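First the proteins, then the strands, lettered A, B, ... as listed; each starts at 1. Small disclaimer: the values here were computed from a predicted structure and weren't measured. Note: hydrogens, waters and symmetry copies are ignored here, and every other heavy atom, side chains too, is used.
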Amino acid sequence: MSVVTRFAPSPTGFLHIGGARTALFNWLFTRRHGGTYRLRIEDTDRKRSTVEAIAAIVEGLKWLELDWDGEIVFQSRRLARHGEVARQMLAAGTAYRCYSTPEELTQMRERARAEGRPIRYDGTWRERDPCDAPAGVAPAIRLKAPQTGETLVEDRVQGPVRVANGELDDMILLRSDGTPTYMHSVVVDDHDMAITHVIRGDDHFSNTFRQLQIYHALDWPTPAFAHIPLLHGPDGAKLSKRHGALGVEAYRDMGFLPEAMRNYLLRLGWAHGDDETIATEQAILWFELDGVGRSPSRVDMAKLQNLNAHYIREAEAGRLADAIMARLAADGRPKVASDVLRGRLLAGMDGLRPRAKTLVELADLAAFYGLSRPLALDGKAAKLLDGAARERLAGVHAALANAGEWTESGLDAIVRNHAEQRGVKLGDMAQPLRAALTGSTVSPGIFEVMAVLGPEESRSRLADAIAGLNPV
RNA sequence: GGCCCCAUCGUCUAGUGGUUUAGGACGUCGGCCUUUCACGCCGAUAACACGGGUUCGAAUCCCGUUGGGGUCACCA
C-alpha cells in the first residue's frame, strides 16, 4: 500500500512555525516512502476562513519548498458529499436527528458545569420518537456513538491510548443548517482521499477517539495516526505572538534560509542519534515516525540562527548576492550600478558570509560595497579618522600609488611593509583604512575589501577620507 | 473540574536494565588565532523533577506526588 498523507490547515491565519513543522514531517515521511503528499484547506468555517490566509499558507509552504502533490483540496467544495455520508448514516441507524436547540444545549452545559458533572450532550433525541419533533425546528444530525466499551488509538508516536466510550458523547455530524462539522468532514475527506497516515499536531489527539467512532460507524478502514507534540515558546508556555507564533514569512523577512528552517524544525522533536546539521536530502533518507519524541519542545532562536549561519556558509554565492541586493534595494540603500555591485558581492562573498547569521546581517555587512562616494561614516569610524589617522592614510595612499598588481596578498605586503617602515602597528594602519573604505569599523579583511573594490574605487575612497569629505 | 499526554544540562536532544565518572549540539564563560568583527580551533560550565517500589543492578520497568501541556462547541 502506497503512502498518502495530507497537511490540512484551517485558513484562519498565517502558516505558523508549528504548522510548518507538521507540514515538514508529513512531507518528509511521504518523500521517504515515495508516497503522495497532499494539501487540503479546511475552510468549512466560512466566517473565519479568509482568502488572505489561504494565500499566506500557500506562499509559506512554497517558500519552505514543501511541494505538495496534485491539486489543493478545498473542504468547502465537498459539502454535498459530507451531507450525503451523514444521510447514509441516518439511513443505517448510526446517526439520528437531534432537535435540541443551541439555547437548550447551552443550558445543559451550564447546568452540568454548575453541578460538577461532565459536560456532554444528554442524548435526549437519541431514542426519542422523531414524531415528537417540534415543528419549525431544523434538526442537527448526531452520531449514535457507542456508550459502553472503549475506543483505542494505536498512535505511531504516542503509542496505544484508550478512552472509555462513556467519556464521549454523541457529537454533531451535520449542523442544523446542513453544513458538516470538522469531525465529520475530516473523516469523510481523509477516507475519500485515501489517506493512509494522518500526521498532525497533538492538539488533535483527543479528537481522534471521536473520529474513530465515525470510521467505525461507517465501517471504513482507519488510517494510521501519528500525533506530534506541540511547540512551545522560549518560556515553556504556549506559543504567543511575541515569539514563535509568527508566520513563516516573518522568519523569511528576518533573513532565515528555508533549508535552515527545515533543519531546525526537523530537530525539534525528532532526532537521529547525535546528528545536528541534516540536509533535507539526508532527512528524506532518515525520517521515520518512531524517531519523533513525545514531549513538547521550545523554540530557540539562537539555535535557529546558528543553523542559519551554517547554511549561509554553504549557499551558492549568486543566490546570496541576489538576496543581499533585494534587501538593499528594499531599503533604498545601494547607490552604485547593480552590475557593479553584484560583481563586488560575488568577489567578496567569502569574506562576507562567515560574518553573518542571517541575510539581514549579511546585507548590512555588505552594504558598503554598494555605497556611492563620498561614503557616510558611522560614529565610530568618524571618530577613528582623526588628524593623525588621516595623515597615516595619506602615507598609505602614496605607497599604494605605484602598486603593481592589485591583489589581496600584494596589498597586504605593501601596507605591512609601509607600516613597518613608519614604525606603526599594522592595526593602527588597518583600522583607518577600514573606516575610509567601508565607513565602518567592522568589515571583512581590509585587503580583501580593497581587492574587491579595485584600485580606482579604493584610491578614491581613501582620497575622500584624507580630504575629510565624508559626511557623518 | 473530567479525560488524555508529557517530564535527561538554560535550550534541542542521545540514551530503550549493566559498555555511563550520563554523550552531542546551541547558548554562556575562558583561551588560541588575528588588521576590526566574525569564522575556526582548544577548554570549561551545566541535567536524569520528587517519593516509593520491581531487580543482583534503573535515566531506562511499575505506582504515586509535583509541575507542564492538550482537549472537553451546531470552531477547526
Name the nucleic acid region contacted by A:Arg48, choosing base, sugar-phosphate or nothing; use a 4.0 angstrom heavy-atom cut-off, strictly under. base
Taking the nucleotide of RNA chain B with the closest heavy atom to each, which residue, A:Thr101 or A:Arg313, is nearer the 5' end? A:Arg313
When the distance from CZ of A:Arg162 to C1' of B:C4 is rounded to whole Å, what number comes out? 13 Å
Check A:Asn26 against A:His197 and note the closest heavy-atom contact, atom names and distance. OD1-O, 4.5 Å
Check: protein-nucleotides 11-14 of chain B nitrogen or oxygen pairs below 3.5 Å:
unit_1 : atom_1 : unit_2   : atom_2 : d
B:C12  : OP1    : A:Arg298 : N      : 3.1
B:C12  : O2'    : A:Arg267 : O      : 2.8
B:C12  : O2     : A:Lys303 : NZ     : 3.4
B:U13  : OP1    : A:Gly269 : N      : 2.5
B:U13  : OP1    : A:Ser297 : OG     : 3.4

In Watson-Crick or G-U wobble terms, both distances under 3.5 Å, what is the partner of B:G1? B:C72
So what does A:Leu230 hit on the nucleic acid, given a heavy-atom distance under 4.0 Å: a base, only sugar-phosphate, or nothing? sugar-phosphate
Tell me which nucleotide, if any, is Watson-Crick or G-U wobble paired with B:C29 when both distances must be under 3.5 Å. B:G43
Give me the ring orientation class for A:Phe205 and A:Phe209: parallel if the planes are under 30° apart, tilted from 30 to 60°, perpendicular past 60°. perpendicular
In the strands shown, is B:C37 matched to any nucleotide by a Watson-Crick or G-U wobble pair with both distances under 3.5 Å, and which? none
Side-chain N or O of A:Ser206 versus OP1/OP2 of B:C3: is the shortest distance under 4.0 Å? no
Both distances under 3.5 Å, Watson-Crick or G-U wobble: report the partner of B:U55, or none. none
I need the A:Asp43 CG to A:Arg48 CZ distance, nearest 0.5 Å. 12.5 Å
Please state how far atom CG in A:Leu266 lies from atom C1' in B:A25, giving the value in whole angstrom units. 14 Å
After noting the C-alpha distance and the side-chain angles of A:Thr208 and A:Val198, does the key distance pass the side-chain contact (heavy atoms from CB on, under 4.5 Å) rule? CA-CA 10 Å; A:Thr208 309; A:Val198 173; over 6 Å; no
Write down the distance between CG (A:Asp202) and P (B:U71), rounded to a whole number of angstrom. 9 Å
Heavy-atom nearest nucleotide on RNA chain B for A:Pro160 versus A:Val442: which residue maps closer to 5'? A:Pro160
Aromatic contact between A:Phe287 and A:Trp270, with the criterion being ring centroids under 6.0 Å apart: yes or no? yes
What is the distance from NE2 of A:His82 to P of B:C74, rounded to the nearest Å? 18 Å
Under 4.0 Å, heavy atoms only, any strand: does A:Arg353 hit a base, just the sugar-phosphate, or nothing? nothing
Taken to the nearest whole Å, NE2/A:His227 to C1'/B:C3 is 15 Å
Students often get this wrong, so: under 4.0 angstrom with heavy atoms, is A:Phe209 touching a base, only sugar-phosphate, or nothing? nothing
Across every strand shown, the nucleotide meeting Watson-Crick or G-U wobble geometry with B:U21 (both distances under 3.5 Å) is none
May I ask you to verify whether the side chain of A:Asn207 and the base of B:A76 hold a donor-acceptor pair under 3.5 Å? yes
NA contact type, A:Pro444, heavy-atom cut-off 4.0 Å: base, sugar-phosphate, or nothing? base
Looking across every strand, which nucleic acid part, if any, lies under 4.0 Å from A:Ser443 by heavy atom: base, sugar-phosphate, or nothing? base
Determine the contact category for A:Asp428: base if any of its heavy atoms lies under 4.0 Å from a base atom, sugar-phosphate if only primed atoms, P, OP1 or OP2 are that close, otherwise nothing. nothing
Which part of the nucleic acid, if any, lies within contact of A:Ser100, taking any heavy atom under 4.0 Å across all strands shown: a base, the sugar-phosphate backbone alone, or nothing? base
Classify the nucleic acid contact of A:Met171 as base, sugar-phosphate or nothing, counting any heavy atom under 4.0 Å across all strands shown. nothing
Once you apply the 3.5 Å cut-off to both distances, tell me the Watson-Crick or G-U wobble partner of B:C50, or none. B:G64
Pairs under 3.5 Å (N/O, protein and nucleotides 46-51 of chain B):
none

Tell me whether the side-chain N/O atoms of A:Arg120 come closer than 4.0 Å to OP1 or OP2 in B:C72. no
Matching residue for A:Leu257 among A:Thr358, A:Asn263, A:Ile312 - test: side chain to side chain contact (heavy atoms under 4.5 Å, CB included): A:Ile312
Can you tell me the distance, in whole Å, between the CD atom of A:Gln213 and the P atom of B:C72? 15 Å
Taking only side-chain nitrogens and oxygens of A:Arg434, does any of them come within less than 4.0 Å of OP1 or OP2 of B:C37? no
Can you list every pair that meets ring pair (Phe, Tyr, Trp, His ring centres under 6.0 Å) and has a residue in residues 99-121 of chain A, with sequence neighbours left out? A:Tyr99-A:Trp125
Atom-pair distance (CD on A:Gln158; P on B:C5), nearest Å: 9 Å
Under 4.0 Å from OP1 or OP2 of B:C6: is there any side-chain N or O of A:Arg294 that close? yes
How long is the line joining CD of A:Glu420 and C1' of B:U35, in whole Å? 15 Å
